[in-house]
Novice: 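Please see the structure below; I have some questions.
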Amino acid sequence: MLNVGIRRPKIDDIKQLNDFFKTVITDTFIKEGIGEKLNDINDEIETKKKYIESDFESNGEKRFFLIALNGDKIIGSIEYGPVSNLIKKCTNNAYKGLIEVGTVFVHPDSQRNGVGNLLLKAIYDILQKNKIEEFCLDSGYNSAQRIWKKKFGDPNYLFKDYWGYGNDHMIWRIKISDCITE
């Protein structure tokens, strides 16, 4: 059974966090049937490394991470920050001023144990305390899209075959007040 704690990352966590990103992203690409896209995997890992660096450099002002731990092992992550260029492009800048929640990852060995829900609840609380009323999130991963559709309904934007045949991209706009009542 997992004993999950959630907290802000520390500088000492960077190596483990980077290893965590590599493990989760590689596993996700393999499960999605796109494990051969090594450049895309490496790009995704590098983006997440830059996001965590941005959190530390700005003391959480530009990017804000939370991590989930089981003992001293990182088993999950979530962050929020400015919307990505991809979301700006796909929405024609409609979501430009919103906060994006992203990097919602759970280690393959810890999935389906409620870790993602704990991270979401923690980030909702922080967004609410910071008087942020809505956010967006996006996904190109089929497995994540199923989770987000179950949790948030149909996406506001659906880009059919964006990542190749059968690999859509979806973007949701979500009100915090709708999340808190869950």
Side-chain angles (χ1 to χ4, degrees), residues 6-70 72-91 93 95-111 115-116 119-120 122-123 126-127 135-148 155 157 159 161-172:
I6 296 175
R7 66 166 168 80
R8 294 272 293 134
K10 301 173 185 167
I11 292 287
D12 294 351
D13 296 320
I14 287 183
K15 183 184 178 339
Q16 188 184 169
L17 250 176
N18 288 337
D19 291 344
F20 167 79
F21 292 146
K22 183 177 182 180
T23 298
V24 175
I25 291 167
T26 301
D27 179 72
T28 301
F29 270 66
I30 290 167
K31 286 178 178 169
E32 293 286 321
I34 53 175
E36 77 285 352
K37 295 189 173 199
L38 298 180
N39 287 339
D40 292 343
I41 291 171
N42 290 330
D43 289 348
E44 183 81 2
I45 293 166
E46 287 306 311
T47 297
K48 301 314 174 191
K49 287 179 177 181
K50 286 183 179 133
Y51 283 3
I52 194 70
E53 286 172 19
S54 177
D55 179 327
F56 285 120
E57 289 169 1
S58 71
N59 198 24
E61 292 294 317
K62 291 185 180 168
R63 293 261 169 216
F64 184 95
F65 269 83
L66 292 174
I67 57 174
L69 297 105
N70 183 24
D72 60 357
K73 181 181 179 200
I74 296 173
I75 59 168
S77 69
I78 193 168
E79 58 87 19
Y80 73 84
V83 295
S84 68
N85 289 331
L86 176 62
I87 290 177
K88 288 180 197 172
K89 179 182 137 195
C90 288
T91 65
N93 282 324
Y95 291 2
K96 185 178 175 184
L98 287 180
I99 291 297
E100 175 187 358
V101 170
T103 317
V104 185
F105 291 134
V106 177
H107 193 282
D109 296 341
S110 301
Q111 292 174 357
V115 176
L119 286 163
L120 282 168
I123 212 83
I126 289 165
L127 292 172
F135 65 93
C136 64
L137 65 83
D138 72 330
S139 181
Y141 301 134
N142 293 316
S143 56
Q145 290 168 353
R146 285 190 294 276
I147 294 167
W148 298 137
Y157 288 86
F159 300 94
D161 301 326
Y162 188 88
W163 302 106
Y165 182 76
N167 293 300
D168 305 333
H169 195 78
M170 299 180 187
I171 305 172
W172 288 262

Novice: Is a side-chain N or O of Asp161 found less than 3.5 angstrom from the main chain of Asp168, in a donor-acceptor match?
Specialist: no
Novice: Which pair of non-hydrogen atoms, one from Glu100 and one from Asp138, has the smallest distance, and what is that distance?
Specialist: OE2-OD1, 3.2 Å
Novice: So if I apply the side-chain contact (heavy atoms from CB on, under 4.5 Å) rule between Lys48 and each of Glu44, Lys50, Glu46, which one comes out positive?
Specialist: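 Testing Lys48 for a side-chain contact (heavy atoms from CB on, under 4.5 Å) against Glu44, Lys50, Glu46 leaves exactly one candidate, Glu44.
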Novice: At their closest point, which heavy atom of Leu127 faces which heavy atom of Val101, and how far apart are they?
Specialist: CD1-CG2, 4.0 Å
Novice: At what distance, to the nearest 0.5 angstrom, does OH of Tyr157 lie from CE of Met170?
Specialist: 15.0 Å
Novice: Answer yes or no: does atom CG of Asn39 have more than 12 heavy-atom neighbours from other residues, nucleotides or ligands under 6.0 Å?
Specialist: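 No, the 6.0 Å shell around CG holds no more than 12 heavy atoms from other groups.
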Novice: Using ring pair (Phe, Tyr, Trp, His ring centres under 6.0 Å) as the criterion, list what pairs up with His107, not counting sequence neighbours.
Specialist: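 His107 satisfies ring pair (Phe, Tyr, Trp, His ring centres under 6.0 Å) with no residue once adjacent residues are dropped.
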Novice: Taking atom CD1 of Ile67 and atom CD1 of Ile75, what is their separation to the nearest 0.5 Å?
Specialist: 10.0 Å
Novice: Of the non-hydrogen atoms in Trp148 and Ser139, which two are nearest, and what is the gap between them?
Specialist: CD1-CB, 3.9 Å
Novice: Can you sort out the partners of Phe65 under ring pair (Phe, Tyr, Trp, His ring centres under 6.0 Å), two or more places apart, ordered by chain and number?
Specialist: none
Novice: So which atom in Gln16 and which in Asp72 form the shortest heavy-atom distance, rounded to 0.1 Å?
Specialist: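 So the minimum-distance heavy-atom pair works out to NE2-O, 3.3 Å.
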Novice: Would you give the length of the straight line joining atom CG of Asp109 to atom NZ of Lys73, rounded to the nearest 0.5 angstrom?
Specialist: 5.0 Å
Novice: Walk me through it: do Phe64 and Ile123 pass the test side chain to side chain contact (heavy atoms under 4.5 Å, CB included)?
Specialist: CA-CA 9 Å; Phe64 184 95; Ile123 212 83; 4.3 Å; yes
Novice: Quick one: list whatever passes ring pair (Phe, Tyr, Trp, His ring centres under 6.0 Å) with Phe135, sequence neighbours left out.
Specialist: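 With sequence neighbours excluded, Phe135 shows a ring pair (Phe, Tyr, Trp, His ring centres under 6.0 Å) to no residue whatsoever.
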Novice: Are any non-hydrogen side-chain atoms of Pro9 and Ile52 less than 4.5 angstrom apart?
Specialist: yes
Novice: Who are the ring pair (Phe, Tyr, Trp, His ring centres under 6.0 Å) partners of Phe20, not counting sequence neighbours?
Specialist: none
Novice: Can you tell me which residue pairs pass the salt bridge (charged side-chain N to carboxylate O under 4.0 Å, His left out) test with a partner in residues 17-27, sequence neighbours excluded?
Specialist: Lys15-Asp19, Asp27-Lys31
Novice: Decide yes or no on side chain to side chain contact (heavy atoms under 4.5 Å, CB included) for Ser110 and Asn70, but give the supporting numbers first.
Specialist: CA-CA 9 Å; Ser110 301; Asn70 183 24; 5.7 Å; no
Novice: CD1 of Ile41 to CD1 of Ile34: how many Å apart, nearest 0.5 Å?
Specialist: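 Rounded to the nearest 0.5 Å, the CD1-CD1 separation comes to 7.5 Å.
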Novice: Minimum heavy-atom separation for Gly140 and Trp163, please, with both atom names.
Specialist: CA-NE1, 3.7 Å
Novice: Please round to the nearest 0.5 Å and tell me the distance separating atom CD1 of Ile99 and atom CG of Leu137.
Specialist: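 Between Ile99 CD1 and Leu137 CG, I get 13.0 Å after rounding to 0.5 Å.
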Novice: Looking only at non-hydrogen atoms, find the nearest pair between Val115 and Ala68 and report the distance.
Specialist: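 Result for this residue pair: CG1-CB, 3.8 Å.
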Novice: What distance separates Ile74 CD1 from Phe21 CZ, expressed to the nearest 0.5 Å?
Specialist: 8.0 Å
Novice: Parallel, tilted or perpendicular, judged at 30° and 60°: which one describes the rings of His169 and Phe159?
Specialist: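 His169 and Phe159: tilted rings.
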Novice: Do any pairs count as a ring-ring contact (aromatic ring centres under 6.0 Å, His included) and have a residue in residues 30-57, sequence neighbours left out, and if so which ones?
Specialist: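 Checked against ring-ring contact (aromatic ring centres under 6.0 Å, His included) - neighbours excluded - no pair reaches residues 30-57.
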Novice: Which one of Thr103, Val106, Leu119, Leu66 satisfies the side-chain contact (heavy atoms from CB on, under 4.5 Å) criterion with Ser77?
Specialist: Thr103
Novice: Here's a test for you: under side chain to side chain donor-acceptor pair (under 3.5 Å), which of Arg8, Arg63, Lys62 qualifies with Asp55?
Specialist: Arg8
